[in-house]
Structure formats: structure tokens, C-alpha cells
Amino acid sequence: MANCIFCEIVEKTKQTRIIHETDDVMAFHDLNPQAPVHILIIPKRHISKLAEINDADTELLGKLQQAAMKIAKELDLSDYRLVMNNGRKAGQTVDHLHYHLLGGRRLLWPPG
Ligand code: 5GP
Ligand code: ZN
């Protein structure tokens, strides 16, 4: 998708610190980390947000969650948060579906 920074990261035309990559999933360090560990986990295919997924994407969503779990294990994180913002009022600023994997400090709840 043109003008999508996460698609540019997938195509490797934009540099970032990639931590995990498979045929359909990519994970990389957030540019502006909100915790000692802040990883973004995305599908390589452009999907703008959770509200845009369909039944055929169920397996893909599972793969994103599996990637989060594997990365947390690799980083020796026992406690972490996996969160996805859907829409501007929920905090979404990049319109390419992504999970945030956050950890390495005590995380407040509710998030506000
Ligand atoms: P959102 O606010 O959409 O849920 O999350 C978008 C995230 O992408 C933010 O945490 C922001 O710091 C991160 N981000 C924005 N641009 C870039 C970039 O060019 N590279 C990386 N690695 N992260 C980015
Ligand atoms: Zn995209």
C-alpha cells in the first residue's frame, strides 16, 4: 500500500530494527518506545485495522499472537501486555494493523 510506513518497513525501503520475520508476519522495535520492551507485530499484508479483517484472516491473527508469545519468551519476559488500537479515538496513528508488545516494567491498568 502506497504511503504506508509499515508497508515500507515490510518492503525494507524503510530501515528499522527487525526482531522477527516469517512469510506473513514481521516484528520490529517501536521508534518511540513506551516501555523497556516495545515491539510492534504486524501482518506483511496491508490491513488497515482490526475492523477490516474477515473470517479468512483468523489464522493470520493467531500467527501474530504466536509471534508475540515467542518474542516474549526469547526476551525472557514473563509479564507483558499485548494491545491493539483500532481507530483514532483508541490511539491508532498508523493505519496498518499492529499489536504492541509491551513489557520490562510495571504496566498500569486501566490504561486511560
Ligand atoms: P498506534 O498509535 O497506531 O497504535 O501505534 C503506532 C506505533 O508506531 C507508535 O507506537 C509509533 O511510535 C510507532 N511508529 C511510528 N512510525 C514508526 C516508524 O517509522 N518506525 C517504527 N519502528 N515505529 C514507528
Ligand atoms: Zn501498510
Side-chain angles (χ1 to χ4, degrees):
M1 163 78 67
N3 300 321
C4 171
I5 47 174
F6 287 0
C7 281
E8 287 170 12
I9 284 172
V10 169
E11 287 151 19
K12 304 206 168 118
T13 53
K14 188 177 174 71
Q15 279 270 296
T16 196
R17 290 168 59 213
I18 295 169
I19 187 169
H20 175 90
E21 184 173 5
T22 64
D23 285 350
D24 37 25
V25 173
M26 189 175 261
F28 50 90
H29 291 270
D30 196 290
L31 195 60
N32 182 24
Q34 301 302 313
V37 174
H38 189 171
I39 309 285
L40 300 173
I41 301 152
I42 70 169
K44 287 188 170 177
R45 176 161 61 87
H46 183 90
I47 300 170
S48 63
K49 57 181 178 175
L50 189 63
E52 298 298 321
I53 69 135
N54 54 53
D55 289 353
D57 296 322
T58 303
E59 191 182 348
L60 180 61
L61 286 176
K63 287 181 179 177
L64 297 174
Q65 295 181 8
Q66 288 272 4
M69 180 270 283
K70 283 179 188 160
I71 293 163
K73 245 183 208 167
E74 279 164 21
L75 297 178
D76 223 13
L77 273 185
S78 59
D79 297 1
Y80 51 88
R81 182 172 296 164
L82 190 62
V83 64
M84 185 186 288
N85 300 325
N86 182 87
R88 292 285 174 271
K89 280 187 254 176
Q92 186 176 8
T93 58
V94 176
D95 292 330
H96 182 128
L97 187 137
H98 52 280
Y99 273 117
H100 297 257
L101 173 65
L102 295 148
R105 67 165 169 83
R106 176 167 281 280
L107 299 166
L108 299 177
W109 193 263

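As the structure lists them, so they are numbered: ligands from 1, and atoms in each ligand from 1. Just so we're clear, the structure is a prediction, and the values are computed from it rather than from any experiment.
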Q: Starting from atom 11 (C) of ligand 1, find the nearest protein heavy-atom neighbour and note its residue, name and distance.
A: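 Of every protein heavy atom, Asp30 OD1, 3.4 Å lies nearest to atom 11 (C) of ligand 1.
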Q: Passes side chain to side chain contact (heavy atoms under 4.5 Å, CB included), Leu60 versus Ile47? Steps please.
A: CA-CA 11 Å; Leu60 180 61; Ile47 300 170; 3.9 Å; yes
Q: Is there side-chain contact between Phe6 and His46, with heavy atoms separated by less than 4.5 Å?
A: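 They are not in side-chain contact.
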Q: Among all protein heavy atoms, pick out the one at the shortest distance from atom 22 (N) of ligand 1; state its residue, atom name and that distance to 0.1 Å.
A: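 The closest one turns out to be His29 O, 2.9 Å.
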Q: Taking only Lys NZ, Arg NE, NH1 and NH2, and the carboxylate oxygens of Asp or Glu, determine whether Asp23 and Lys44 approach each other closer than 4.0 Å.
A: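 The answer is no: the pair does not qualify as a salt bridge.
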Q: Look at atom CZ of Arg88 and say whether more than 12 heavy atoms of other residues, nucleotides or ligands are closer to it than 6.0 Å.
A: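 Atom CZ in Arg88 is crowded, with more than 12 foreign heavy atoms closer than 6.0 Å.
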Q: Find all atoms of ligand 1 within a distance of less than 4.0 Å from any non-hydrogen atom belonging to Phe6, and give their numbers and elements.
A: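 Under 4.0 Å from Phe6, ligand 1 has these atoms: 8 (O).
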Q: Look at atom 24 (C) of ligand 1 and find which of Val83, Ile42, Asp95, Leu31 reaches it with the closest heavy atom.
A: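 Going through Val83, Ile42, Asp95, Leu31 one by one, Leu31 has the nearest heavy atom to atom 24 (C) of ligand 1.
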Q: Has ligand 1 got any nitrogen or oxygen that is less than 3.5 angstrom from a nitrogen or oxygen of Phe28?
A: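 No, no N or O pair falls under 3.5 Å.
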Q: Hey, are the side chains of Val25 and Ile42 touching, using non-hydrogen atoms and a 4.5 Å cut-off?
A: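 Not in contact.
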Q: Between Asp24 and Lys63, does the side chain to side chain contact (heavy atoms under 4.5 Å, CB included) criterion hold? Intermediate values first, please.
A: CA-CA 9 Å; Asp24 37 25; Lys63 287 181 179 177; 3.0 Å; yes
Q: State the atoms of ligand 1, each with its element, that fall below the 4.0 Å cut-off from a heavy-atom position in Gly91.
A: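 Here the atoms of ligand 1 in question are 1 (P), 2 (O), 4 (O).
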Q: Within ligand 1, which atoms have a heavy atom of Asn32 less than 4.0 Å away?
A: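 The list of qualifying atoms is 12 (O).
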Q: I'd like to check which ligand 1 atoms, numbered from 1 as shown, lie under 4.0 Å from a non-hydrogen atom of Asn85.
A: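 Every atom of ligand 1 under 4.0 Å from some heavy atom of Asn85: 4 (O).
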Q: Do Ser48 side-chain atoms and His96 backbone N/O form a donor-acceptor pair below 3.5 Å?
A: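 Flag not set: sc Ser48 to bb His96 has no pair under 3.5 Å.
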Q: Quick one: name the protein N/O/S atoms under 2.8 Å from the Zn ion (ligand 2), chain by chain.
A: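 Hits for the Zn ion (ligand 2) below 2.8 Å: Cys4 SG, Cys7 SG, His46 ND1, His96 ND1.
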Q: Which residue and non-hydrogen atom of the protein lie closest to atom 3 (O) of ligand 1, and at what distance in Å?
A: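 That would be Thr93 N, 2.6 Å.
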Q: Mind listing the closest non-hydrogen atom pair of Ile71 and Ile19 along with its distance?
A: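 Closest approach of Ile71 to Ile19, heavy atoms only: CG2-CD1, 4.0 Å.
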Q: In the structure I gave you, are the side-chain heavy atoms of Leu50 and Leu61 within less than 4.5 Å of one another anywhere?
A: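 Touching, per the 4.5 Å side-chain cut-off.
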Q: Do Val94 and ligand 1 have an N or O pair less than 3.5 Å apart?
A: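 Among all N and O atoms of Val94, at least one is under 3.5 Å from an N or O of ligand 1.
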Q: For the pair Arg105 (side chain) and Gln34 (backbone), establish whether a donor and an acceptor sit closer than 3.5 Å, ignoring hydrogens and angles.
A: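 Yes; judged by distance alone, with no hydrogens or angles, the pair exists.
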Q: Please confirm whether Gln34 approaches ligand 1 to less than 4.0 Å, judged on its heavy atoms.
A: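 For ligand 1, residue contact (heavy atoms, under 4.0 Å) with Gln34 is absent.
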Q: Taking atom types as modelled, is there a side-chain donor on His38 or His100 under 3.5 Å from an acceptor on the other?
A: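 The answer is yes; a qualifying pair exists.
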Q: Would one find more than 12 heavy atoms of other residues, nucleotides or ligands at under 6.0 Å from atom CG of Asp76?
A: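 Counting other residues, nucleotides and ligands, CG of Asp76 stays at 12 neighbours or fewer.
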Q: Can you tell me which residue and heavy atom of the protein come closest to atom 19 (O) of ligand 1, and the distance to 0.1 Å?
A: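 Heavy-atom neighbour on the protein nearest atom 19 (O) of ligand 1: Lys14 CE, 2.8 Å.
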Q: In terms of atom number and element, which parts of ligand 1 are under 4.0 angstrom from non-hydrogen atoms of Ile5?
A: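 Heavy-atom distances to Ile5 below 4.0 Å select 15 (C), 16 (N), 17 (C).
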Q: Check ligand 1 against Thr16 and write out every atom of the ligand that is under 4.0 Å from a heavy-atom position of the residue.
A: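 Atoms satisfying the 4.0 Å criterion: 22 (N).
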Q: Only heavy atoms of His98, strictly under 4.0 Å: list the atoms of ligand 1 that pass.
A: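 Listed by number with element, the hits are 1 (P), 3 (O), 4 (O), 5 (O), 6 (C).
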Q: I need the minimum non-hydrogen distance between Asn85 and Gln92, along with the two atoms involved.
A: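 What the structure gives for the nearest pair is O-OE1, 3.4 Å.
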Q: Can Met84 be said to touch ligand 1, with heavy atoms closer than 4.0 Å?
A: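 Contact check Met84 vs ligand 1: negative.
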Q: If every non-hydrogen atom of Leu64 is compared with every non-hydrogen atom of Pro43, which pair is closest and at what distance?
A: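 Scanning both residues, the minimum pair turns out to be CD2-N, 3.6 Å.
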